[in-house]
Amino acid sequence: MESHSDATNEDDMPDPFSFESQYVDPVCIFNGTKVVAAVVDMFSISCVSPPSQNDQGSGILFQISGNDGLDATEAGIFVYMASQDRGSLSLEPSHGPKGGGTRVNVSGVTSGPIVSDVPALCRFGKVVSPAIEVGPLGEYAVCESPPAALNDYASSVQVDISMVGQVNVFSEVGVVFRYDEKVSIASLQPSNGQVTGGTVVKLEGGPFYNSTDILCRFGKQLVIATYHDHDEVSCTTPNLGWVDEHQRLSVFTMANKPEIQSITAKVDDYVNEVHTCQTFGTDNPLTEEQVLVVDIEDVLAMYPSSTWAVRLHTTNERRSLPLVLPLSPSVVETALKDMFQMDEITVTQVFETASPAAQRFNITAEADIDRIEVEALCIACSSGYDTSSISFLTKTTRNGTDNISDDEEGRGFRLVAPGGSLSYPLSQHTRWLHHDETAGGMLEALEGLLPQGFYVNRTGPLPNNAYKWDVVLPKNTSFGGETLQVVRTGGAAVKLKGTNASVSCSLTRLGTAKLEGQFKLSFKEESTKSIPHNASNGDIQAALEELNGIGSIKVNSVSTDANNSGSGAYQWHITFDNLKNAGDLPLLTVERPTPDVFFFGTNASIDVSETRKGSSSEVYRLVVPPDAKRFAILLDELEGDALQVGSDGAEVMNNINSIAGGRSMLVESFQRPHIPLGSQLSPPYGPASGGNTVTVSGNGFSRSSVCSFGMQETPTPARFVSNTSIVCIAPKAGDQQTVDVRVSNDRINWSEQSLSYRYLSVVST
């Protein structure tokens with residue numbers, strides 16, 4: 001019998017599993033299709049999925065094997081997405097009320113049916129729930145939005161889908177579902193308009209969202225709204241249907257105070273952009289103070305016939321020439337200036353010394369200098385003299401601070417223009433600049449880096465020998481908040497010398513843009529043509545007088561550019577002195593920006609205000625019933641001549657002025673309604689059941705046009721195409737097979753020429 005030891009040899013232990021083992025042959029199995037795996041590391045492999053097969057669907061079984069498929073893991077589910085595009089998932093609708101319950105159609109998830117019978121899952125934020133419905137090919141899922149309260153009242157949440165019903169297998173595409181606030185309407189303007197529709201109504205309130213599915217409801221009719229901003233939308237009123245109209249005649253007396261409205265174009269002053277660079281030194285500059293005392297009393301007693309001198313020097317080997325004793329302040333000062341190569345040194349002598357032969361000098365320098373030392377020299381002495389009897393005292397009573405200067409190689413600092421690189425290699429940079437660079441030198445160094453036409457002003461020297469440079473860009477140019485920068489690292493870093501020497505640049509003043517562009521004005525729902533920002537009085541007058549709602553006006557203007565900067569700020573005053581515009585008028589409005597309405601400049605705006613409210617003595621509005629044939633004007637019991645309905649404005653005005661007693665009046669308008677003319681039907685026939693469309697060609701059509709087929713009791717409203725074309729729906733045939741078709745704009749006055757329309761009979765075989 002073979003014996004076994006209880007101890008296990010380490011070499012006999014089985015190796016841990018590893019995909020990198022030579023005995024492992026890893027594959028991935030996609031619904032039975034093997035794909036050779038690529039080994040990533042000991043515990044990881046990667047596989048490329050085969051193309052999706054329509055008969056497989058989007059969710060297929062997935063396994064891995066380490067022995068070429070002989071053994072495999074338990075099956076999971078692999079999902080084919082409809083697109084690799086992260087934006088392919090879409091919601092309809094993409095928003096709903098906070099209370100939840102919105103049916104949301106989620107599409108673009110997968111490319112085919114799901115093999116698994118597990119229902120799909122919907123995830124709104126952190127809330128997961130089963131889908132209500134799944135498309136037969138997995139192409140969509142219908143979900144119900146949960147209440148916002150379940151997502152901590154978030155205003156919007158991410159939506160995602162798991163088509164295989166597993167909480168860990170979501171698409172991870174994710175789109176946003178927005179919870180809507182309750183919308184309220186604060187105001188609408190205007191509050192009335194034509195029954196034929198076409199009035200643009202501005203609604204303020206909200207909150208509104210920039211969406212194509214905002215609707216306005218007028219009665220039972222829905223129209224698509226136009227989004228303007230969070231607080232405003234507008235809608236165009238639909239055709240209300242027929243309402244009996246009256247012809248109107250308006251008569252105005254002379255205005256007491258004509259209305260004055262002001263159009264104001266505002267913009268910031270038009271100024272240059274300024275970038276300032278400045279060198280700085282210590283905040284507390286100090287002068288250097290030293291004391292020098294030379295006492296030769298004892299040595300003169302020992303060597304009465306000798307001549308003595310001293311030599312001044314410093315520890316860094318600066319030396320003066322021998323100075324013969326006794327010294328004078330001017331001799332010492334000249335020697336020190338020569339030693340230190342600086343002029344800012346002053347020497348004064350103090351005579352209060354203990355020894356009559358001693359000399360004391362106070363030395364003052366405008367910068368930090370080395371301590372002064374003294375050595376004695378005998379220039380006319382016998383041999384064997386002893387200098388130990390000469391007494392010297394030198395001390396520094398206050399260290400001075402150094403002014404700003406370049407380094408020993410004449411280097412100060414370098415600048416980089418906006419947009420350039422401060423790291424190696426530098427780009428958009430200057431040469432080495434000096435601490436006292438001239439304005440011209442700074443200009444030359446920056447040329448090619450800044451917009452052409454800039455200039456430089458230099459200020460200085462300032463305390464510590466500091467300087468300031470103002471770099472002024474040409475007008476209408478700006479770096480948008482960026483400025484010149486100082487190189488502070490590497491071999492190009494600042495080389496300035498001096499106590500606390502530094503340099504910095506800042507944006508002193510941001511450049512502005514002057515007023516440019518064009519605008520449009522609206523009055524009583526009519527719009528002017530485009531008006532240039534610098535329009536003359538005549539331009540404004542011509543543009544406004546072209547509108548039907550405005551008669552003759554007067555325009556004067558004044559520049560509001562108080563500092564004469566050339567900004568283009570301007571104000572036009574419009575005086576409505578025509579009788580037609582007597583009384584208080586609605587404000588002109590500036591239209592919102594469009595491709596042909598735009599104005600810009602720094603903080604630019606164009607507004608209209610009422611400078612003076614207009615007033616008039618009397619306004620008469622006379623209504624002529626539609627069935628009237630003749631009428632007369634009665635004014636203060638004076639009756640004018642009889643007038644025909646449809647008389648022109650001049651005839652009516654002359655009639656009124658004849659009884660006005662010298663009062664100046666103006667007739668606004670009074671004209672016979674235009675009767676349209678129909679010339680052709682297309683097609684001129686149709687089924688007896690009716691319901692088909694018939695195009696009527698001719699002229700004089702309007703949005704209130706209607707069609708009448710034979711003895712039809714209620715005319716058929718037409719769809720307005722143009723003033724030469726309308727479309728009507730033929731009614732069901734009556735007793736007659738051929739009928740006359742006429743058109744009208746007011747349902748009273750019908751076209752004189754009738755057009756024949758034939759109903760077709762149904763033939764059975």
Answer whether the closest heavy-atom distance between the side chains of [X] and [Y] falls below 4.5 Å.
X: Ser502; Y: Leu496; answer: no
X: Thr477; Y: Phe454; answer: no
X: Lys126; Y: Val157; answer: no
X: Leu150; Y: Phe124; answer: no
X: Glu204; Y: Asp231; answer: no
X: Val503; Y: Gln278; answer: no
X: Val176; Y: His95; answer: no
X: Phe479; Y: Glu273; answer: yes

Any salt bridge linking [X] with [Y]? Criterion: basic side-chain nitrogen under 4.0 Å from a carboxylate oxygen.
X: Arg431; Y: Glu437; value: yes
X: Lys98; Y: Asp180; value: no
X: Glu133; Y: Arg103; value: yes
X: Arg411; Y: Asp406; value: no

Practice problem: Could you check Ile161 against Cys143 for side chain to side chain contact (heavy atoms under 4.5 Å, CB included), going step by step and ending with a plain yes or no? | Solution: CA-CA 9 Å; Ile161 291 293; Cys143 306; 3.5 Å; yes
Quiz prompt | Residues which pass salt bridge (charged side-chain N to carboxylate O under 4.0 Å, His left out) with Glu92, listed by chain and number, not counting sequence neighbours | solution =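 Checked Glu92 against salt bridge (charged side-chain N to carboxylate O under 4.0 Å, His left out); zero matches.
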Exercise. Please name all residues satisfying salt bridge (charged side-chain N to carboxylate O under 4.0 Å, His left out) with Asp268, sequence neighbours left out, ordered by chain then number.
Key: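 Result, salt bridge (charged side-chain N to carboxylate O under 4.0 Å, His left out) vs Asp268: none returned.
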Work out which heavy atom in [X] is nearest to a heavy atom in [Y]; give both atom names and the distance.
X: Val40; Y: Ser46; answer: CG2-N, 4.0 Å
X: Ala417; Y: Leu484; answer: CA-CD2, 3.9 Å
X: Asn692; Y: Pro687; answer: OD1-CD, 3.6 Å
X: Cys28; Y: Phe62; answer: CB-CE1, 3.9 Å
X: Pro207; Y: Glu181; answer: CG-CB, 3.3 Å
X: Ala445; Y: Thr430; answer: O-CG2, 3.7 Å

Are the side chain of [X] and the backbone N or O of [Y] linked by a donor-acceptor pair below 3.5 Å?
X: Thr199; Y: Thr237; value: no
X: Lys520; Y: Val590; value: no
X: Thr483; Y: His275; value: no
X: Ser725; Y: Ser722; value: no
X: Ser421; Y: Ser423; value: yes
X: Thr602; Y: Ala513; value: yes
X: Lys514; Y: Gly601; value: no
X: His533; Y: Leu515; value: yes
X: Asp407; Y: Gly410; value: yes
X: Asn272; Y: Leu473; value: yes

Tell me if the [atom1] atom of [X] is crowded by more than 12 foreign heavy atoms within 6.0 Å.
X: Phe280; atom1: CZ; answer: yes
X: Ile729; atom1: CD1; answer: no
X: Lys266; atom1: NZ; answer: no
X: Arg488; atom1: CZ; answer: yes

Quiz item: Going through the checks in order, is the side chain to side chain contact (heavy atoms under 4.5 Å, CB included) test met by Val175 and Gln158?
Solution: CA-CA 5 Å; Val175 289; Gln158 289 278 341; 5.6 Å; no
To the nearest 0.5 Å, how far apart are [atom1] in [X] and [atom2] in [Y]?
X: Thr693; Y: Arg719; atom1: OG1; atom2: CZ; result: 8.0 Å
X: Leu446; Y: Trp469; atom1: CG; atom2: CH2; result: 11.0 Å
X: Glu482; Y: Leu510; atom1: CD; atom2: CG; result: 11.5 Å
X: Arg414; Y: Gln485; atom1: CZ; atom2: CD; result: 15.0 Å
X: Thr226; Y: Glu232; atom1: OG1; atom2: CD; result: 10.5 Å
X: Ile185; Y: Leu203; atom1: CD1; atom2: CG; result: 5.0 Å

Practice problem: Please check if the distance between the ring centroids of Phe208 and Tyr227 is under 6.0 Å. | Solution: no
Without hydrogens or angle criteria, can the side chains of [X] and [Y] be said to hold a donor-acceptor pair below 3.5 Å?
X: Ser682; Y: Thr695; value: no
X: Thr73; Y: Gln63; value: no
X: Thr508; Y: Thr276; value: yes
X: His228; Y: Ser234; value: yes

Quiz item: side chain to side chain contact (heavy atoms under 4.5 Å, CB included) between Val487 and Leu415: does it pass, once the steps are laid out?
Solution: CA-CA 6 Å; Val487 181; Leu415 300 178; over 6 Å; no
Practice problem: Start with the C-alpha gap between Ser49 and Val35, add the side-chain angles, then the distance that decides, and say whether side chain to side chain contact (heavy atoms under 4.5 Å, CB included) holds. | Solution: CA-CA 8 Å; Ser49 62; Val35 176; over 6 Å; no
